[in-house]
Amino acid sequence: MSTETATSTTGRIDFTLMYVTHDAFRRDLSKLRRAAAEGRTDSLGVQAGWANFKRQLHVHHTSEDEALWPRVEAASAGRADAAEILAAMAAEHARLDPLLEAVDAALERRTAEPAELAGVVAELETALGGHMKHEEEAALPLIQQVLDPKEWAAFAKAIARKQKLSGAAAYVPWVIDGADDAQRAAFFGAMPAPVKVLNRLFWSSRHHKRHPWV
């Protein structure tokens, strides 16, 4: 996981939560690809993993569309490079919905050929992976230039409002599932202190009882 740390003395935005969330999406698509190759997509665990992946992606991208990109657009008004980046982010988001629907359709057709399912999963993995790479390489540097940590915090609060407590209970154990010690420390260091306690006492065990992707 790539992380960019920040402190209040630098005035720079800490993108830890963005990077760790992107890594979780990449991880889940790898698990879906393996499940498709092994013919396990009808298992309850794979279905639970896929349903949560879609929910997390929906929350992540609608929050960006509603609470992040408008802030960036306002702060970068008049910059042609910023307008180009934001247009690309919108177009890339729009391409994902048909691909998610194609995977859904292939999963629902129990008679779908493994090669067909593998093909649509590969298309989604390529599109989402390319989008996240573009966002990390172009949009995040733009955000660092035009927004301040308080504005970034407002975006994070918008995600929290959309997730609500029930959503946080699903997001937190999902996003750190399989993370190493350094990644977990970076993640919890960027979260309010009670989140780590709630995850340890309640959320993590609930998440693992669903056996996602197994």
Side-chain angles (χ1 to χ4, degrees), residues 1-3 5 14-64 66-68 96-97 99-101 103-104 106-108 117 120-121 124-125 128-129 131-132 135-136 153 155-214:
M1 177 189 71
S2 303
T3 59
T5 58
D14 181 351
F15 289 126
T16 293
L17 298 184
M18 181 68 82
Y19 282 120
V20 76
T21 301
H22 282 188
D23 284 349
F25 290 136
R26 294 182 178 104
R27 177 205 64 215
D28 274 15
L29 285 176
S30 294
K31 290 184 176 182
L32 177 60
R33 178 168 25 90
R34 287 197 297 272
E38 295 166 5
R40 295 186 290 103
T41 55
D42 59 347
S43 79
L44 292 178
V46 171
Q47 292 172 20
W50 173 241
N52 187 56
F53 170 88
K54 289 189 295 180
R55 170 181 166 71
Q56 299 303 335
L57 188 64
H58 174 75
V59 169
H60 186 73
H61 280 169
T62 56
S63 296
E64 287 180 341
E66 296 167 3
L68 178 58
L96 294 173
D97 283 343
L99 295 174
L100 292 165
E101 291 168 4
V103 174
D104 270 336
L107 289 172
E108 289 169 5
L117 179 56
V120 293
V121 170
L124 175 61
E125 193 168 17
L128 182 56
H131 165 65
M132 293 188 296
E135 187 170 274
E136 291 166 1
F155 163 59
K157 288 177 181 177
I159 295 180
R161 286 194 298 271
K162 187 176 286 289
Q163 283 275 27
K164 301 180 181 178
L165 185 61
S166 61
Y171 168 75
V172 172
W174 163 77
V175 82
I176 61 169
D177 192 2
D180 61 28
D181 289 345
Q183 292 169 335
R184 291 171 67 92
F187 174 77
F188 284 119
M191 297 294 286
V195 167
K196 185 174 183 179
V197 177
L198 287 168
N199 185 66
R200 177 171 54 83
L201 293 178
F202 305 109
W203 298 345
S204 181
S205 60
R206 193 180 310 158
H207 171 76
H208 289 291
K209 281 179 182 177
R210 297 187 180 98
H211 305 290
W213 301 110
V214 176

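Computed from heavy atoms alone, side chains included, the values below leave out hydrogens, waters and symmetry copies.
To the nearest 0.5 Å, atoms CZ (Arg206) and CG (Asn199) are separated by 10.0 Å. A distance of 10.5 Å separates CD in Glu66 from CZ in Arg161, rounded to the nearest 0.5 Å. Interatomic distance, NZ of Lys54 versus CG of Leu96, reported as 13.5 Å (0.5 Å rounding). With rounding to the nearest 0.5 angstrom, the CD atom of Glu135 is 9.5 Å from the CG atom of Leu128. Considering CZ of Arg26 and NZ of Lys31, their distance stands at 15.5 Å, rounded to 0.5 Å. To the nearest 0.5 angstrom, Leu68 atom CG is 12.0 Å from Thr62 atom OG1.
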Can you list the steps and then say if Leu32 with Val103 is a side chain to side chain contact (heavy atoms under 4.5 Å, CB included)? CA-CA 10 Å; Leu32 177 60; Val103 174; 4.2 Å; yes
Please assess Met18 against Glu136 for the test side chain to side chain contact (heavy atoms under 4.5 Å, CB included), listing each intermediate value before the final yes or no. CA-CA 9 Å; Met18 181 68 82; Glu136 291 166 1; 5.8 Å; no
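For Leu198, the side-chain contact (heavy atoms from CB on, under 4.5 Å) criterion is met by Phe202, Trp203, not counting sequence neighbours. Remark: Glu125 engages Arg33 in a salt bridge (charged side-chain N to carboxylate O under 4.0 Å, His left out) (not counting sequence neighbours).
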Using distance only, find each side-chain donor-acceptor pair of residues 168-181 under 3.5 Å and give its atom names and separation, not counting sequence neighbours.
residue, atom, partner, partner atom, Å
Tyr171, OH, Thr21, OG1, 2.7
Trp174, NE1, Asp28, OD2, 2.8
Asp177, OD2, His207, NE2, 3.2
Asp180, OD1, Ala182, N, 3.2
Asp180, OD1, Gln183, N, 2.7

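When all heavy atoms are compared, the tightest approach of Ala106 to Val120 is CB-CG2, 4.0 Å. The two residues Leu29 and Val121 have their closest heavy-atom pair at O-CG1, 4.5 Å. Taking both residues in full, the closest heavy atoms of Gly49 and Pro212 are given as CA-CB, 4.3 Å, listed atom of the first, atom of the second, then distance. Contact record, Arg40 with Val214: NH1-C, 3.7 Å, taken as the closest heavy-atom pair.
The shortest side-chain heavy-atom distance between Leu57 and Leu100 falls under the 4.5 Å cut-off. Residues Asn52 and Trp213 are not in side-chain contact: their nearest non-hydrogen atoms beyond the backbone lie 4.5 Å or more apart.
Within 6.0 Å of NZ on Lys196 lie no more than 12 heavy atoms contributed by other residues, nucleotides or ligands. Taking a 6.0 Å sphere around NE2 of His208, one finds it holds more than 12 heavy atoms contributed by other residues, nucleotides or ligands.
A side-chain donor-acceptor contact under 3.5 Å links Arg55 and Gln163.
Classified by interplanar angle (parallel below 30°, tilted 30° to 60°, perpendicular above 60°), the ring pair Phe53/Phe25 is perpendicular.
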